[in-house]
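Here the structure comes first, spelled out in structure tokens, and everything after it is commentary.
The analysis underlying the following values was restricted to heavy atoms, covering all of them including side chains, and did not include hydrogens, waters or symmetry mates. Remember, it's a predicted structure, so these values are computed and weren't measured experimentally.
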Amino acid sequence: ISTIFLSSFLFCFVHSKEASQQFLLKPNVPDQAPIEVSLGKTKCVFTYESTGGASEEWSILLEKDDHETRCTVGRNGQPSYVFFSKFSLHLSKKITSISMEDASGPLQQNQAYALSDPKTVNLVKGWNGPITTCSVSHTQTHKEL
């Protein structure tokens, strides 16, 4: 059994891919250029507008294996001190799972964020606050495999 598990683990490990980009999130600057990473035809795009004190180091990571594609944008485990008036994370595949957090923990869907279409998560209109991380993923169905 352990040989089968190890073989399965190595198979998944070999077939996983990732792309990432570090960037400086700049508050108080309108019309920021979108931050984009891609793996083949799969893209993840982050757009934002924010207010606050100083610029912060953020990253965007796109991970893909045989069964799941995940895009995460965030502050790398540190709290954020900027307040977002616009926050949009787009995955070029249908989003099946969303996780968004501030320094206190998970934020609630439809209170802080919502899907604006099957591939894009946005802040709910009127919500303005800090975010430390947002992750969206697409898990393949049996039909897609």
Under 3.5 Å, sequence neighbours excluded: what are the donor-acceptor pairs made by side chains of residues 127-135?
| unit_1 | atom_1 | unit_2 | atom_2 | d |
| --- | --- | --- | --- | --- |
| Thr132 | OG1 | Glu101 | O | 3.2 |
| Thr133 | OG1 | Val73 | O | 3.4 |
| Ser135 | OG | Arg70 | NH1 | 3.1 |
| Ser135 | OG | Thr72 | OG1 | 3.1 |

- Please answer: with hydrophobic residues joined when any side-chain heavy atoms are less than 4.5 Å apart, are Val45 and Leu39 in the same cluster? no
- Query: Applying the 4.5 Å side-chain criterion to the ILVMFWY set and letting contacts propagate, would Leu115 and Leu123 be lumped into a single cluster?
  - Reply: yes
- Contacts of Lys43 that satisfy salt bridge (charged side-chain N to carboxylate O under 4.0 Å, His left out) - sequence neighbours left out: Glu36
- Under the side-chain hydrogen bond (donor to acceptor under 3.5 Å, both in side chains) rule, collect the residues that match up with Thr47, sequence neighbours excluded. none
- Is the shortest heavy-atom distance from the side chain of Leu62 to the side chain of Leu91 under 4.5 Å? yes
- For residues Val37 and Leu61, determine if any side-chain heavy atom of one lies less than 4.5 Å from a side-chain heavy atom of the other. no
- Gap separating the CG atom of Asp65 from the CD atom of Glu18, nearest 0.5 angstrom: 11.5 Å
- Query: Looking at OG of Ser59 and CD of Gln22, how far apart are the two atoms once the value is rounded to the nearest 0.5 Å?
  - Reply: 5.0 Å
- Taking only residues at least two apart or on different chains, which pairs with a member in residues 73-83 satisfy salt bridge (Lys or Arg N to Asp or Glu O under 4.0 Å)? Glu56-Arg75
Restricting to side chain to side chain contact (heavy atoms under 4.5 Å, CB included), what partner residues turn up for [X], sequence neighbours left out?
| X | value |
| --- | --- |
| Leu25 | Phe23, Phe46, Tyr48, Ser50, Trp58, Val82, Phe84 |
| Val124 | Ala114 |
| Asp102 | Ser104, Leu107 |

- Going by the side-chain hydrogen bond (donor to acceptor under 3.5 Å, both in side chains) test, which pairs reach into residues 107-121, not counting sequence neighbours? His90-Thr120, Ser116-Asn122, Asp117-Thr120
- Item | Step-by-step side-chain contact (heavy atoms from CB on, under 4.5 Å) determination, Ser97 to Ser137 | CA-CA 5 Å; Ser97 176; Ser137 63; 3.2 Å; yes
Of all heavy-atom pairs between [X] and [Y], which one has the smallest distance, and what is that distance?
| X | Y | result |
| --- | --- | --- |
| Thr42 | Lys64 | OG1-NZ, 3.0 Å |
| His138 | Thr96 | CA-OG1, 3.4 Å |
| Pro27 | Gly53 | CG-O, 3.7 Å |
| Gln140 | Asp66 | OE1-O, 2.6 Å |

- Could you note down all residue pairs passing disulfide (SG to SG under 2.5 Å) where residues 17-120 supplies at least one of them, sequence neighbours left out? Cys44-Cys71
- Query: Above 12 or not: heavy atoms from other molecules or residues under 6.0 Å from CD of Glu57?
  - Reply: no
